[in-house]
Amino acid sequence: MAGHVVGSRLRPVDGAPGILEALSADASTPHETIEFHPELPVDWTASLRDCVGFLDHVRNCRKARGVLDDLPQPWFDRPAFYFANPASLHSWNAPVAIPPGSLAFDFELEIAAVLTSGGTNLTEGQAAACIGGYVLYCDWSARDVQAEERAMQIGQGKGKDAAISLGPWILSASEAKPFRRVDGFSFDVSVQVNGETVMAKPFTGMDWSFEELVAYASFGAGVHPGDLIVSGTLPGGCLMEGSGAPDFRGWLQPGDHVVLDGGPLGTISSRLGAPAPTVPWRRKPAPQTVHTPERHST
């Protein structure tokens, strides 16, 4: 049944055949409510653009790695983003397995805008009209793999490929409006690991607004109904930023219980599973040790 999410319930919308249509419909008139327990709050395979909406997150991560110089100018010219893997979406309470070989697994608390319409080369105002709602988003990250891939300078790869968790429901744009600020939302969010609060603060401080992220994503390529445009990590909303401190708590471990509380967006509550055994995936010898002229000739 299609409907309009209110709290933990779904308010049916007559004539709305799907979630996107429900978010776009006028659901201001009360209807009978039903319990809403979907496997995922989205029922499509969408394009996922995970953006860097918070530059302080980048600064904090660089500092943790010992990089203390100022951010280069391109960070201020446009919002960075990468394409995430829709096949890795997990429901709000599904267990998450640590990727094989990773010893530095991390959560990242983010919020995604859910698009109910699209377009190409949108203005900020046009982009705002495309946002039908918001959903809590956890970008699970293998930081050791990510560090190795950084040297290739081609973007995110297996360090970000294993899992993404979505909150239990979508808060419609109209219901989110009282909380919206240019730099995020006025409500508080938090993260607990095994019952210990490791972060609690308002979801504010975005350098690029959701509308700007959507507009930039549409530049020259277009965005579409069902796309998720993600805020990027709230500063403090991951372990990486504090990993250079003497009192660093350590990375996530199998058996850990991670709870991300998104206020009116609900919670993500995941138990971490042990990584699967690593298996050989490449030929031997490694590519850098062999040179086959017929394969490398121009």
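Numbers here simply count residues along the sequence, with the first being 1.
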CA sep, side-chain torsions, deciding dist, call: Ile268, Leu166, side chain to side chain contact (heavy atoms under 4.5 Å, CB included): CA-CA 7 Å; Ile268 291 170; Leu166 296 181; 5.7 Å; no

Neighbour count >12 (heavy atoms, 6.0 Å) for atom CZ, Phe248: yes

Considering all heavy atoms, the nearest Gly184-Met206 contact: CA-SD, 3.8 Å

Main-chain N/O of Val189 paired to Asp261 side chain as donor or acceptor, under 3.5 Å: no

Heavy-atom closest pair, residues Pro235 and Asp56: CG-CB, 3.7 Å

N/O donor-acceptor pair under 3.5 Å between Ser102 side chain and Pro99 backbone: no

Intermediate values then yes/no, side chain to side chain contact (heavy atoms under 4.5 Å, CB included), Phe107 and Val193: CA-CA 10 Å; Phe107 60 83; Val193 179; 4.0 Å; yes

Heavy-atom side-chain contact between Phe54 and Thr233 under 4.5 Å: no

Connected via hydrophobic side-chain network under 4.5 Å: Val145 and Val96: no

Joint cluster assignment, Trp92 & Val259, ILVMFWY side-chain distance < 4.5 Å: no

Within one Ile-Leu-Val-Met-Phe-Trp-Tyr cluster: Leu272 and Leu260, side-chain cutoff 4.5 Å: yes

Contact check, side chains of Leu115 and Ile229, non-hydrogen atoms, under 4.5 Å: yes

Donor-acceptor pair, side chain of Gln156 and main chain of Tyr82, under 3.5 angstrom: no

Electrostatic pair Arg59:Glu241 at N-O distance under 4.0 angstrom: no

Trp169 side chain to Pro264 backbone, donor-acceptor under 3.5 Å: yes

Leu122 side chain reached by Cys130 side chain, heavy atoms, under 4.5 Å: yes

Side-chain heavy atoms of Val58 within contact of Val52, under 4.5 Å: yes

Ion pair Lys201/Asp188, N-O distance below 4.0 Å: no

Minimum side-chain heavy-atom gap Ser165-Trp140 below 4.5 Å: yes

Phe210-Tyr216 co-clustered via ILVMFWY side chain contacts under 4.5 Å: no

Donor-acceptor side-chain pairing of Thr267 and Ser269 below 3.5 angstrom: no

Donor-acceptor pair, side chain of Glu212 and main chain of Glu124, under 3.5 angstrom: no

Salt bridge (Lys or Arg N to Asp or Glu O under 4.0 Å) between Glu108 and Lys160, worked out: CA-CA 11 Å; Glu108 298 192 63; Lys160 297 278 191 174; 2.4 Å; yes

From CA spacing to verdict: side chain to side chain contact (heavy atoms under 4.5 Å, CB included), Cys138, Leu136: CA-CA 7 Å; Cys138 181; Leu136 187 62; over 6 Å; no

Closest non-hydrogen atom pair, Gly118 against Pro225: N-CD, 4.1 Å

Phe179: which of Phe185, Tyr134, Phe187, Phe203 passes ring-ring contact (aromatic ring centres under 6.0 Å, His included): Phe187

Min side-chain heavy-atom separation Lys63-Asn60 under 4.5 Å: no

N/O donor-acceptor pair under 3.5 Å between Ser209 side chain and Asp183 backbone: no

From CA spacing to verdict: side chain to side chain contact (heavy atoms under 4.5 Å, CB included), Val114, Leu228: CA-CA 5 Å; Val114 183; Leu228 299 185; 3.7 Å; yes

Ile164 versus Ala84, closest heavy-atom pair with distance: CD1-CB, 3.7 Å

Close side-chain approach of Val198 to Arg249, heavy-atom, < 4.5 Å: yes

Under 3.5 Å donor-acceptor, Ser270 side chain and Ala94 backbone: yes

Donor-acceptor pair, side chain of Ser231 and main chain of Ile111, under 3.5 angstrom: yes

Within-4.5 Å side-chain heavy-atom neighbours: Leu109 and Met199: yes

Distance-minimising heavy-atom pair for Ser88 and Asp161: OG-O, 2.6 Å

Heavy-atom donor-acceptor pair, Glu149 side chain to Lys158 backbone, under 3.5 Å: yes

Closest contact, heavy atoms only, Ala97 versus Ala274: CB-O, 4.2 Å

Asp77 atom CG, over 12 foreign heavy atoms within 6.0 Å: yes

Same cluster (ILVMFWY, side-chain, under 4.5 Å), Leu48 and Val230: yes

Whether His257 side chain and Gly255 backbone form a donor-acceptor pair below 3.5 Å: no

Inter-residue atom distance Leu71.CG - Asp207.CG, 0.5 Å rounding: 9.5 Å

Check against salt bridge (Lys or Arg N to Asp or Glu O under 4.0 Å), Arg49 and Asp227: CA-CA 8 Å; Arg49 290 176 174 89; Asp227 284 356; 3.5 Å; yes

Ring centers of Phe81, Phe83 separated by less than 6.0 Å: yes

